[in-house]
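Each ligand, and each atom within it, is numbered from 1 in the order the structure gives. Here, residue 1 is the first one in the sequence, and each next residue gets the next number.
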Amino acid sequence: MKKFILFNLVLILLSVTSVIAQKSIAHKRAEKMDLGMNLSYLDHYWSGTKSKNFSDFAKVEEANKRKKMFAGIKKAGFSTVRIPICFSAWMDLKRPYNWNNEKGLKMADNFVKWAVENDLIAIIDLHHTEFDNSIPEAKNPERTVNLWLKIAERYKNTDPEKVFFELRNEPRDITAEAWRWEAKEIMKVVRKVAPKHTLVVGFHDWNGRKAMIDSKPFEDKNIIYTFHYYDPFIFTHQGATWAGAGLPELRGVEFPDSKKSPIKTPKTAKGTWVETRINAYKKDANTKKMFTDLKEAKDWSKKHNVPIFMGEFGSYNKFASEESRCRHAKFVYTATGKLDIPSAWWEWNGGFNMFEKGTSKISKCMQEALDSYKLEKSKLKK
Ligand code: BGC
């Protein structure tokens with residue numbers, strides 16, 4: 001009998017250690033990401049001059065003001081900061097693709113340094129390579145590969161446990177195959193220079209969730225896969241001027257659906273996809289459906305044994321009510337806590353922030369939303 005018990009104990013021990021041993025580096029690093037925050041500023045290419053290839057968009061004084069924000073993010077309980085950076089504005093449009101703005105690059109270096117100094121995982125996210133699509137050479141894949149060659153060179157000596165490389169924000173106007181090819185080309189050059197850094201990789205169609213679950217992982221094992229989740233879009237982007245006709249005038253969309261009054265379709269939305277989504281809002285804003293969306297992402301990660309990270313979600317505060325924004329945040333944080341999906345809120349300051357109006361303090365109901373993630377995660381551990 002004793003021998004039998006001992007035998008079983010050894011078996012259990014062996015299976016536990018093999019499960020632990022099976023965890024990839026990417027899995028282990030993803031586990032540490034937990035709650036994350038986007039710190040937007042070095043992506044604001046639109047503040048620059050077009051004839052200068054937007055190169056002058058970032059201002060040193062403005063960048064320096066953000067130093068204390070990294071401490072603020074850490075203090076608010078976040079473990080990760082995603083740093084969207086428009087490196088594209090600081091590199092020549094033509095071969096041999098030299099850097100041309102040391103000032104800009106220094107600001108990027110500082111952001112990464114401040115993140116690490118505050119014990120945050122920093123994601124260097126290549127944002128807006130294509131700008132507003134008005135400069136065709138900007139999104140030439142050969143140029144993007146060269147951008148990465150230079151970015152990897154620049155950050156290869158950072159701690160791979162603390163600094164991750166996100167290949168490209170929201171690839172769009174590109175087929176699944178073309179993006180896959182481009183991503184592989186980028187990986188080749190990055191891996192030569194930085195073999196140990198974890199890559200964060202999303203898929204075509206704006207880092208869409210559906211694009212991810214319709215795709216297969218890449219061969220490289222040190223990748224955390226990413227998707228963005230702004231559903232229901234007409235709620236999260238009501239009032240947004242950059243995301244589609246009809247949205248700038250759209251207001252009064254509550255989350256979940258308000259039983260009281262139907263959403264008024266702005267004239268500018270007639271006949272557009274925004275109108276279709278307004279008509280389908282009851283279905284789109286259904287929390288059961290939304291939970292299923294997120295669970296499908298998690299199921300994909302389990303099926304392929306790869307970690308995932310929801311790199312952007314949030315809601316614009318121009319017209320959405322605070323109550324609805326908090327309900328939306330609480331729903332998504334509860335779901336991602338239950339499903340154990342690390343995430344990064346879009347964004348710390350600016351129009352999607354979590355602050356009480358006119359302050360830089362997270363509002364009470366947003367704090368409750370954040371706490372709901374922690375609560376659900378703590379239940380998983382038991
Ligand atoms: C874009 C931002 C935008 C946000 C929400 C990000 O990926 O870079 O400019 O505000 O999505 O739409």
Side-chain angles (χ1 to χ4, degrees), residues 36-48 50 54 57-58 62 66 69 80-90 108 111 123-135 138-139 144 147 164-174 179 200-212 225-251 253 255 272-274 277 284 309-320 324-325 328-329 332 343-355 366:
M37 179 55 75
N38 280 280
L39 184 54
S40 172
Y41 176 61
L42 292 182
D43 51 325
H44 289 190
Y45 76 87
W46 54 83
S47 308
K50 193 171 152 185
F54 303 105
F57 80 88
E62 276 301 313
R66 266 105 187 138
M69 294 186 193
T80 298
V81 62
R82 179 172 180 261
I83 312 173
I85 309 176
C86 187
F87 284 105
S88 184
W90 304 324
F111 271 38
I123 302 174
I124 299 178
D125 153 40
L126 179 62
H127 222 78
H128 292 312
T129 39
E130 65 291 315
F131 308 123
D132 53 1
N133 276 323
S134 61
I135 305 177
K139 57 176 176 181
T144 313
L147 267 168
F164 304 168
F165 297 161
E166 183 167 341
L167 302 193
R168 195 176 148 190
N169 179 60
E170 301 185 340
R172 61 231 193 218
D173 307 322
I174 189 168
W179 165 239
V200 177
V201 184
F203 292 90
H204 59 288
D205 200 19
W206 304 84
N207 279 3
R209 180 194 64 92
K210 181 85 171 52
M212 182 180 83
Y225 291 89
T226 185
F227 68 102
H228 294 175
Y229 192 70
Y230 280 113
D231 286 6
F233 202 82
I234 62 158
F235 166 70
T236 61
H237 280 71
Q238 55 190 308
T241 49
W242 61 92
L247 289 169
E249 297 77 31
L250 184 65
R251 52 169 80 217
V253 186
F255 182 85
T272 68
W273 63 268
V274 172
R277 299 281 42 104
D284 290 353
F309 160 65
M310 192 168 74
E312 281 186 26
F313 78 109
S315 57
Y316 188 31
N317 67 11
K318 190 171 181 187
F319 296 146
S324 279
R325 292 187 69 224
H328 179 258
V332 182
S343 65
W345 177 265
W346 185 271
E347 55 181 316
W348 180 246
N349 61 330
F352 282 62
N353 73 64
M354 293 182 155
F355 303 146
M366 280 295 182

### Short side-chain donor-acceptor distance under 3.5 Å, H128 and D43
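The criterion, which ignores hydrogens and geometry beyond distance, is not satisfied for H128 and D43.
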- If you measure only the distance, is there a donor-acceptor pair under 3.5 Å linking the side chains of S40 and N38?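 Side chains of S40 and N38: no pair found under 3.5 Å.
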What atoms of ligand 1 come closer than 4.0 angstrom to any heavy atom of [X]?
X: H237; value: 5 (C), 12 (O)
X: E170; value: 7 (O)
X: N169; value: 7 (O)
X: Y230; value: 4 (C), 5 (C), 11 (O)
X: F352; value: 5 (C)
X: W242; value: 3 (C), 10 (O), 12 (O)

Residue of the set W345, Y230, W346 for which ring-ring contact (aromatic ring centres under 6.0 Å, His included) holds with F313
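Answer to the ring-ring contact (aromatic ring centres under 6.0 Å, His included) test with F313 among W345, Y230, W346: W345.
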(Q) Between W46 and F57, is the ring centroid distance below 6.0 Å? (A)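 W46 vs F57: aromatic centres not under 6.0 Å.
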* Asked: Is it true that F309 and Y225 have ring centroids separated by less than 6.0 Å?
  ->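 Centroid separation for F309 and Y225: 6.0 Å or greater.
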Between ligand 1 and [X], can you find any atom pair, the residue atom being a heavy atom, that is separated by under 4.0 Å?
X: H228; result: no
X: H128; result: yes
X: Y316; result: no

So which heavy atom in the protein is nearest [atom], and how far is it from that ligand atom?
atom: atom 11 (O) of ligand 1; answer: E312 OE1, 3.1 Å
atom: atom 8 (O) of ligand 1; answer: H127 NE2, 2.6 Å
atom: atom 2 (C) of ligand 1; answer: W346 CZ2, 3.5 Å

Exercise. Report, as yes or no, whether the 6.0 Å neighbourhood of atom CZ on R172 holds more than 12 heavy atoms from other residues, nucleotides or ligands.
Key: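 Atom CZ in R172 is packed in, count exceeds 12.
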- prompt: Just distances here: any N/O of W46 and N/O of ligand 1 closer than 3.5 Å?
  reply: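 The answer is no, given that W46 and ligand 1 share no N or O pair closer than 3.5 Å.
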Exercise for the section: Please work out which of the three classes, parallel, tilted or perpendicular, describes the rings of W242 and H237, given edges at 30° and 60°. Expected result: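 H237 vs W242 ring planes: perpendicular.
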Next on the checklist: What I want to find out is whether D284 reaches R277 closely enough, with some N-O distance under 4.0 Å, to be called a salt bridge.
Outcome noted: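 Salt bridge: yes.
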Q. If you draw the axis of the six-membered ring of Y229, does the NZ or CZ of R209 fall within 45° of it and under 6.0 Å from the ring centre?
A.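 Negative - R209 is either too far from the ring of Y229 or too far off its axis.
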